[in-house]
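Below is one structure, written out as structure tokens; the observations come after it.
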Amino acid sequence: MSTATVRVGVGRMVRRLGGHGWLFRVCLGVLVVFVAVALLAPWLAPQDPTVGDFADTMAGPSAQHWLGTDQGGHDTFSALLEGARTSLLGPLGVVAFSSVGGIAVGLFSGWRGGRVDAVISRVLDVLFAFPSLLLAILAVALFGKGLGAPVLAMAVAYLPYTARLVRGLTAQEKTRPYIAAYLVQGHAPAYVAVRGLLPNIAATVLAQSTVNFGYALLDLAALSFLGLGVQPPTPDWGAMINRAQSAVLAGQPLSAVVPVMAVVVAVLAFNVVGERLGERGTR
Amino acid sequence: MNASLLEVDGLTVELPGTARPVLDAVTLRVAAGEVVGLVGESGSGKSVTARAALGLLPPGARRAGRVLVGGEDVLGAGQGRLRALRAAEVSMVFQDPRAGINPVRRIGDFLTEPLRLTRRWNRRRAEERAVELLAAVGLPEPERQLRRYPHQLSGGMLQRVMIAGALAGEPRLLLCDEPTTALDVSTQAEILALLGRLQRERGLGLLLITHDVELAAATCDRVYVMYAGRIVERATAAELFGRPRHPYTIGLLGSTPPLTGPPARLRPVPGTPIGLDEAAPGCAFAVRCAFAQAGRCDQEVPALLPLVDGADGAGHAAACVRLAEIPSPAEEVRP
């Protein structure tokens, strides 16, 4: 029965996703391509982007380097493909941590209500006041550069968005009669909250997480641009933009423009998909 | 011994920010095998009374009085005891099955989850029981229904599912909160017949909450009439039909088309029920009552007094200070 459930669920989801218009479908396609590229990057990349050829720096597009090279002679196309891995893995970590934490906090707060809810809401308000980037920079200062510290810091900074959304939805959904019906059946409140209520608000929460993904990608790219995130030679879109500064000044902006385009397209696609999923959820 | 399954004794419930109590000294009893009606307009406190029996009062409610289910105090019960009570003793059928059943889970989940989680039954056993229950409430092809989602069923079918779910724990007391209000007229009769059959077969105590006084009189053994959080009249169905005593009951009967007999001109009860933000120093019905006497009805809160001497708290009673002076509509109106 469980396999049948899964099959029906996936089929229904695909049919549902098809019914959002061409923009949604294009953006979803873009996201699928990005994820595929990230997964297959080592096999797709024509050259090793960590190895620079100093005899061939800041070159324009050619048969050998499709998108040219940067000031260190690294192949921009290969770096773009490999960079998709770290550039998408970071936001994925942020979204995963912030969603799990946010759902837990929001569900608990909204379900309990009263004083517990008031205290948690004020704590979330305080967290809201911290700019995510500042928190991430603070974490880097404390724990060192790399992907781990900023991702964790940003997960904490993004948690309130999901938590507040889940809290509001929970408080609203909790008054619906089916919740009372569950309680009347003798179920434990924790069970009713997680198995009964959560599936009903999951679509909206998923939409928020998708939008969060776009913002996290942008923030992490900014952090890498500042040189605080992923360290060279690991390819990363933000770091690529940072290193391409001298190339831009030298009149060869291609190695900067390419990762910028990748960031913009990815964030845009995530926002469109997330927004449409949200409309679906609230309808 | 005629032990009460549900005993509500002087239950008063006050919510913060309201001028009058939601429930004011409500006393009612439901014995095993008895169908009891609770009749009143929207906001009269019918549903709150039923919810109190399940320990489902809104948070922040101040309460006084006692609610006993099977002799056990509900208001003072802890979370664990309350859960056990809900799982085994008392169950509820909600008004709108569309809202009362989780739309994203299957019918089978709705029916088997309580058995699997509160009774630790395995899936097979719980599903067999669910099929039995669906057959008992008259759903065709019960095995297939288990795999379906609520939106694939009609309102009437879904209400049957809700009733099946309420019976899953073999409760002795069933609370029905306007079980037919959200349904088509043709389906209403079927659901009521089903409830009546199940009640007789299983010897359930049944509390039927409705705003339809004719319906209550036709299906119930005894009826309580509520107005603005107070019980204003208590009677057997025959007494209520034959000799309604409280002006509000008389008004309700006069404003409802009779189920049988020639249609008479309907006389609506003038005015609107008082809200929770209005306090009435005397009788809450006084402002709408044709018999109200200034200086008396608007000053004095009438007590629910038995009309028959020696009544043990179940006989005909009404809460009106002018009871002796009010003519009950003559018996010739209703056979």
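Remember, predicted model here, so these are calculated numbers, not experimental data. To find a chain, count down the sequence lines: A is the first, B the second, and so on, and within it residues start at 1.
- Of the possible polar contacts, one joining the A:Tyr158 side chain to the A:Ala216 backbone as a donor-acceptor pair under 3.5 Å is found.
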For B:Leu56 and A:Val184: C-alpha separation, side-chain torsions, deciding distance, then whether side-chain contact (heavy atoms from CB on, under 4.5 Å) applies. CA-CA 8 Å; B:Leu56 270 182; A:Val184 165; 3.7 Å; yes
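- Interface remark: of the candidates B:Leu115, B:Leu117, B:Leu85, B:Leu117 forms the most heavy-atom pairs closer than 4.5 Å to chain A.
- The line from CD of B:Gln199 to CG of B:Leu194 is 11.5 Å long, rounded to the nearest 0.5 Å.
- Listed options A:Gly113, A:Ala180, A:Pro189, A:Gly114 were ranked by heavy-atom pairs under 4.5 angstrom with chain B; first place goes to A:Ala180.
- A donor-acceptor contact closer than 3.5 angstrom is absent between the side chains of A:Glu275 and A:Asn271.
- A salt bridge does not link B:Arg29 to B:Glu7: none of the charged side-chain nitrogens sits closer than 4.0 Å to a carboxylate oxygen.
- Put simply, of B:Arg51, B:Gln79, B:Glu113, the one with the most heavy-atom pairs under 4.5 Å next to chain A is B:Glu113.
- Inspection of non-hydrogen atoms places B:Phe94, B:Ala99, B:Gly100, B:Ile101, B:Asn102, B:Pro103, B:Val104, B:Arg105 of residues 93-105 of chain B under 4.5 Å from chain A.
- Residues A:Glu173 and A:Tyr178 bring a donor and an acceptor atom of their side chains to less than 3.5 Å of each other.
- Closest heavy-atom contact between A:Val273 and A:Leu28: CG2-N, 3.9 Å.
- Panel note: side chain B:Arg160, backbone B:Val137; a donor-acceptor pair is recorded below 3.5 Å.
- For a residue to count as touching a neighbouring chain, one of its non-hydrogen atoms must lie under 4.5 Å from one of that chain's; by this rule A:Ala202 does not touch chain B.
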